[in-house]
Amino acid sequence: MAQFPTPYFLVDEGRLRSNLELLKTVQEQAGCKILLAQKAFSMFYCYPLLRQYLAGSTASGLYEARLGKEHFGGETHVFSPAYRPDEFEELLQYADHLVFNSPAQLDKFAPRARAAGKQVGLRINPECSTQEGQAIYDPCAPGSRLGTTLANFRPDQLPLLDGLHFHTLCEQDADDLETTLRAFEDKFGPFLKGLKWLNLGGGHHITRPGYQVDRLIGLIRRLRETYGVEVYLEPGEAVVLNAGFLVASVLEIVHNDMDIAILDTSAACHIPDVLEMPYRPPLQGSGEPGEKAHTYRLAGPTCLAGDVIGDYSFDAPLQEGDTLVFEDMALYTMVKTNTFNGMPLPAIRWRDWDGKVSLVRSFSYQDFKTRLS
Ligand SMILES: Cc1ncc(COP(=O)(O)O)c(C=O)c1O
C-alpha cells in the first residue's frame, strides 16, 4: 500500500459490498428500508454502488440533503434540530421526508412541507439511555436538545404527522434497541397507530461480527405487524464498518521518556474522533503497548500537544519512511477532516473488486486556502 504518496484514505469495494449484502438481507427479511446516514460517510463516488443495496440516504441539513438527492437517489430524508427559514424552500426541493425536532418546529414548517407533498415526521426522545458513560453520544442524556419528550409531545399535532423518528443508539446491538423500543412503545405506542412509518435512527452496529441480526429482524417484523407501519433504519457506521483504511508514513522518531513516531497524518486533522470520542484506532501489524518488542507513541505533525493517535507496539523498530495502515477508517473520518495548521487533506483512493487501486480525489493548497477568505 506504500506505493502512493501518503496520507490517503483507501475504501475497499469488497468489504463495502459484504456490509451491503448483509444490510440488504436485513431489509428483505425484516421488510424494512435502510438509508445511508451521510454524516458518517459521504464519499459520493460510491453512492451508485450503495444505491444498488440501500433505499436512499438521510441528511443532517441542506448540503447533505442536496448531495443525497443529486448523487444517491432513492428516498432522501432529513432531520435537523432546527431548520433555517432561509433554507427551507430549497430543502423542499431535495427532501422527501422531513423530520422535525420539536412541536414549535412542526408548527413553523410542517404545513409548508405537507403542502409541498412531503412526508412529515417528529423526532421523539424516549428518555431511555442505554449507553454507559458516553453522554456526548447519548441523545437521551439529561438536558438533551434532541427529540420531543412525552411531556412536550402534543397529540393535537398528530394530523400533521406521517411518522415518528427516534435516534438513541451508538455502536449498539439489538438488545439495546429492544430496551429502547420498550420505553418508546410505553410512551408513544398509542400515537403510532394510524401513522405511516417509524424511523429507528442509526447506531445499529449491524455489520459488526456477533451483532444479533435475527433479533433485529424479529423486532422490526413485530413493529410492522403491531402498528401497521413501514420501518426505516438509518445507520452510518454499519454501512462502511471496516471498509476503509488510512495509510500514513513515519516522518521522524523522537524520544522523551519513550519512543515517539511523528507521522504525516494527524489525529486532530484527519481522525478527530480519536480525540473527541476518544478511541484508539486499530493499526495493522501492531500490538498493545508492551505487547511486542518496540513500543511507540504515534503522534501527528501539528502544534497540538495532544495530537496523539495512541501507543502501539511493533516487532521491529520503526524507521523514517515506514508505512502504517490504520483500519476502520471510512466512517466519521473524511466527513470530519480539517486543515488546522495548514495540514494537507489525505487523498481518497478506491480499491475495486479486482484489487486495482485508483485515485478518486486529491487535495491541494487551494483546498486549504479557499475556506479561509
Ligand atoms: C439522527 C441520526 N441518524 C443516524 C445517525 C447515524 O448513526 P451511526 O453512524 O452511529 O449509525 C446519527 C448519528 O449521529 C444520527 O444523529
Side-chain angles (χ1 to χ4, degrees), residues 16 19-20 22-23 26-27 32-43 50 53-65 67-68 72 75-83 91 95-102 105 119 121-126 128-131 134-141 144-148 163-174 176-177 180 184 197-208 211 213 216 220 231-244 271-273 276-277 279 328-336:
L16 195 53
N19 288 346
L20 292 164
L22 177 56
L23 298 177
V26 170
Q27 291 181 106
C32 68
K33 288 185 175 170
I34 300 187
L35 312 166
L36 167 73
Q38 295 179 92
K39 68 190 73 193
F41 182 73
S42 298
M43 185 181 162
L50 270 57
Y53 298 85
L54 304 179
S57 65
T58 187
S60 312
L62 184 67
Y63 292 167
E64 281 185 0
L67 193 71
F72 204 103
E75 294 183 23
T76 307
H77 294 219
V78 61
F79 163 77
S80 170
Y83 291 100
L91 192 59
D96 307 302
H97 282 221
L98 292 103
V99 177
F100 297 93
N101 190 50
S102 63
Q105 285 272 298
Q119 295 276 310
L122 178 69
R123 176 167 175 173
I124 58 93
N125 180 344
C128 173
S129 289
T130 50
Q131 311 180 30
Q134 291 270 38
I136 187 181
Y137 293 110
D138 182 5
C140 296
S144 169
R145 72 191 179 292
L146 299 168
T148 298
L164 295 178
H165 175 292
F166 68 78
H167 167 80
T168 65
L169 305 181
C170 178
E171 301 187 343
Q172 283 166 273
D173 209 323
D176 287 329
L177 175 62
T180 306
F184 165 76
W197 47 263
L198 174 64
N199 186 324
L200 306 179
H204 316 277
H205 235 196
I206 303 168
T207 50
R208 180 180 67 201
Y211 179 92
V213 177
L216 173 70
I220 296 172
V231 174
Y232 289 93
L233 304 180
E234 48 178 42
E237 289 210 10
V239 177
V240 289
L241 197 66
N242 293 314
I271 346 170
D273 272 357
E276 206 177 287
M277 201 162 188
Y279 81 108
D328 199 14
M329 283 288 149
L331 51 93
Y332 294 104
T333 50
M334 284 173 232
V335 290
K336 284 195 160 191

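Indexing begins at 1, ligand by ligand and atom by atom, following the structure's order.
Looking at E237 against ligand 1, both its backbone and its side chain come within 4.0 Å, counting heavy atoms.
Polar contact check, G203 against ligand 1: a nitrogen or oxygen pair lies under 3.5 Å apart. By the 3.5 Å distance cut-off applied to N or O atoms, F79 is not counted among the residues near ligand 1.
Nearest non-hydrogen protein atom to atom 12 (C) of ligand 1 is H167 CE1, 3.3 Å.
The aromatic rings of H77 and H97 sit parallel, their planes meeting at an angle under 30°, below the 60° perpendicular limit.
Among Q38, R123, K39, E234, the residue whose heavy atom sits closest to atom 15 (C) of ligand 1 is K39.
Checked against the 6.0 Å centroid criterion, the rings of H167 and F79 do not qualify as a close aromatic pair.
Taking the side chain as every heavy atom from C-beta outward, V239 and N19 never approach each other to under 4.5 Å.
Put simply, part of Y332 is less than 4.0 Å from ligand 1, judged by heavy atoms.
S80 contributes no side-chain N or O that, together with a main-chain N or O of G61, makes up a donor-acceptor pair within less than 3.5 Å.
Within a 6.0 Å radius of OH in Y63, other residues, nucleotides and ligands contribute 12 heavy atoms or fewer.
There is no side-chain donor-acceptor pair under 3.5 Å between E171 and Y137.
Against a heavy-atom cut-off of under 4.0 Å, G236 is close to the following atoms of ligand 1: 6 (C), 8 (P), 9 (O), 11 (O).
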